[in-house]
K.L.:
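So that we are looking at the same thing, I have put the structure below in structure tokens.
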There are 2 protein chains.
Amino acid sequence: MAIGNKTDRRILRTKEAINRAFLEVFSEKEFDRITINDISERANVNRGTIYLHYTDKYDLLNRCIEDHLDKMISSCTLTKFIQEKVDENEAKEALKSLFNYIQENFLFFSSMLSSQKTSIFREGIQKNLTSSIQEKIDMQGINQGMDKEIIIEFTATAFVGTLEWWIINQKPHPPEYMADQVWTLFKRNNITS
Amino acid sequence: MAIGNKTDRRILRTKEAINRAFLEVFSEKEFDRITINDISERANVNRGTIYLHYTDKYDLLNRCIEDHLDKMISSCTLTKFIQEKVDENEAKEALKSLFNYIQENFLFFSSMLSSQKTSIFREGIQKNLTSSIQEKIDMQGINQGMDKEIIIEFTATAFVGTLEWWIINQKPHPPEYMADQVWTLFKRNNITS
DNA sequence: AAACGTTTGTTGTATATTGAACAAACGAGT
DNA sequence: ACTCGTTTGTTCAATATACAACAAACGTTT
């Protein structure tokens, strides 16, 4: 991942097409009933081409989740809110954009959570989030003397749980509201400076 | 055109991508200012690939117009309303779907008409419509003894003019209303049975 | 169990597309 | 007039994808 040399346009295109197609079919059919052919037809791609990039239907599922989470994280610069010297407005904006991202890709997230494979998704997002926080967390200042692992785990768990609740309950509140609420909760728990 | 043997998926995909990209860029930039690179980048296609399918920027424009008009005509089964023994409701539905098609692809049509190249587009759609009517028109019944060419020309001109007016004036009336009006006008002029 | 259609991976060859380079034409600015 | 950056077509070898065929595994039905 994160290769410097640009990948061939064709690869990027077909992967995108496959991903999009998979998400669409996934939101319509139970995962077990999905065939590779369903996906290839929807993506307008040869069936064999899928095997060129993914070993399996399950591999495709996992990579698809990974990709989506990566995009979510990076497009939202989520980690800002956990850093030292964080600007309050900046952090709130990051949170808001995160909830917005989920809202825009609601199809994907709700499908993921409504399927039987909930745990896969949950673990995936939590793992992703955890490592993402781990890289950027600043243990100075308010976090000095604290147990890093515990902070991370606490934050990630609370956060993922909130996201899950929000998604499963069909977005009872708008992204702005959610961002405000979550931000307040983090502050109250001294998670941020 | 209308080849029996299926074309390679890649060709269809890239042509679609190029078409879409061209329309997008066309709606943002004046035609003369559009570069092949603009289109290739938007379509996520190599610049050379465009030359594989189109000789020119102008060729691309023309083919794009053709394609779109073909789709419009066929998707609307427009010719129904000019045939003998036409069912009133069926004809109105065809008209309505035509106006709906334009509304859905408003970006394209308004771009076409707002550019300096209005005449190209106008002539294109009129030629397309004319030949389409020519194939299907029934000279029996009410049209017996009439000059076929004149009927066709009259119909096509009136129709295209109305479309143009509707598009340029930013859709002052909904498709249903337009369909009703146009249908009444045709009846009044004894164009249909 | 046997027969059936469907799905799965895999393979070989054909082909469309890529990326890079090129010379030529163009347009803008000095 | 001259330079500069951009756009245009064109070429080439490299590569990703298409298509078709295949045997194996699977799920259903009888």
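Every chain is numbered from 1, with letters handed out A, B, ... down the list of sequences. Keep in mind that this is a model prediction, so the values were computed, not measured. Just so it is clear, the values below take in all heavy atoms, side chains as well, and ignore hydrogens, waters and symmetry mates.
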K.L.:
Can you list everything that forms a side-chain contact (heavy atoms from CB on, under 4.5 Å) with B:E176? Sequence neighbours excluded, please.
P.N.:
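Applying side-chain contact (heavy atoms from CB on, under 4.5 Å) to B:E176 gives B:K96, B:P174.
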K.L.:
Mind calculating the distance between CG (A:N37) and P (C:dG9) to the nearest angstrom?
P.N.:
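Between P of C:dG9 and CG of A:N37: 13 Å.
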K.L.:
Run the ring pair (Phe, Tyr, Trp, His ring centres under 6.0 Å) test against A:Y177 and tell me which residues pass, sequence neighbours left out.
P.N.:
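So A:Y177 forms a ring pair (Phe, Tyr, Trp, His ring centres under 6.0 Å) with A:H173.
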K.L.:
Starting from the 5' end of DNA chain D, give me the residue, B:R9 or A:D8, whose nearest nucleotide shows up first.
P.N.:
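So the residue in question is A:D8.
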K.L.:
Taking any atom under 4.0 angstrom from a heavy atom of chain A, which nucleotides of DNA chain D are the first and last to qualify, 5' to 3'?
P.N.:
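The contact span of chain A on DNA chain D goes from D:dT15 to D:dA21.
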K.L.:
List the residues meeting side chain to side chain donor-acceptor pair (under 3.5 Å) with B:D8, not counting sequence neighbours, and say none if there are none.
P.N.:
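Partners of B:D8 by the side chain to side chain donor-acceptor pair (under 3.5 Å) criterion, ordered by chain and then number, come out as B:R10.
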K.L.:
So, using side chain to side chain donor-acceptor pair (under 3.5 Å) as the criterion, who are the partners of B:Q103 when residues are at least two apart?
P.N.:
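So B:Q103 forms no side chain to side chain donor-acceptor pair (under 3.5 Å) with any residue.
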K.L.:
Could you tell me whether A:K29 and A:E24 have a side-chain N and a carboxylate O separated by less than 4.0 Å?
P.N.:
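No, no charged N to carboxylate O under 4.0 Å.
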K.L.:
Which residues satisfy the side-chain contact (heavy atoms from CB on, under 4.5 Å) test with A:Y54, sequence neighbours excluded?
P.N.:
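A:Y54 satisfies side-chain contact (heavy atoms from CB on, under 4.5 Å) with A:K15, A:I18, A:N19, A:I50, A:D59, A:L60, A:R63 only.
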K.L.:
Going by number, which of residues 38-50 of chain A have a non-hydrogen atom under 4.0 Å from DNA chain C?
P.N.:
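Under 4.0 Å from DNA chain C: A:R47.
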K.L.:
B:R47: what forms a side-chain contact (heavy atoms from CB on, under 4.5 Å) with it, not counting sequence neighbours?
P.N.:
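B:R47 satisfies side-chain contact (heavy atoms from CB on, under 4.5 Å) with B:I36, B:N37, B:S40, B:Y51 only.
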K.L.:
Is there a residue in residues 11-19 of chain A whose heavy atoms reach under 4.0 Å of DNA chain D, and which residues are they?
P.N.:
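DNA chain D contact set from residues 11-19 of chain A: A:I11, A:T14.
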K.L.:
Using the side-chain contact (heavy atoms from CB on, under 4.5 Å) criterion, which residues pair with B:A21? Sequence neighbours excluded.
P.N.:
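Listed in chain order: B:I39, B:R42, B:A43.
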K.L.:
How many Å lie between NZ on B:K57 and P on C:dC26, as a whole number?
P.N.:
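Between P of C:dC26 and NZ of B:K57: 13 Å.
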K.L.:
What pairs with A:R20 under salt bridge (charged side-chain N to carboxylate O under 4.0 Å, His left out), at least two apart in sequence or on another chain?
P.N.:
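With sequence neighbours excluded, A:R20 shows a salt bridge (charged side-chain N to carboxylate O under 4.0 Å, His left out) to no residue whatsoever.
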K.L.:
Please name all residues satisfying ring pair (Phe, Tyr, Trp, His ring centres under 6.0 Å) with A:H53, sequence neighbours left out, ordered by chain then number.
P.N.:
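Here no residue qualifies.
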K.L.:
Look at the side chain of B:R10 and the base of C:dT17, then say whether one donor and one acceptor between them are separated by less than 3.5 Å.
P.N.:
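Result: no qualifying N/O pair found.
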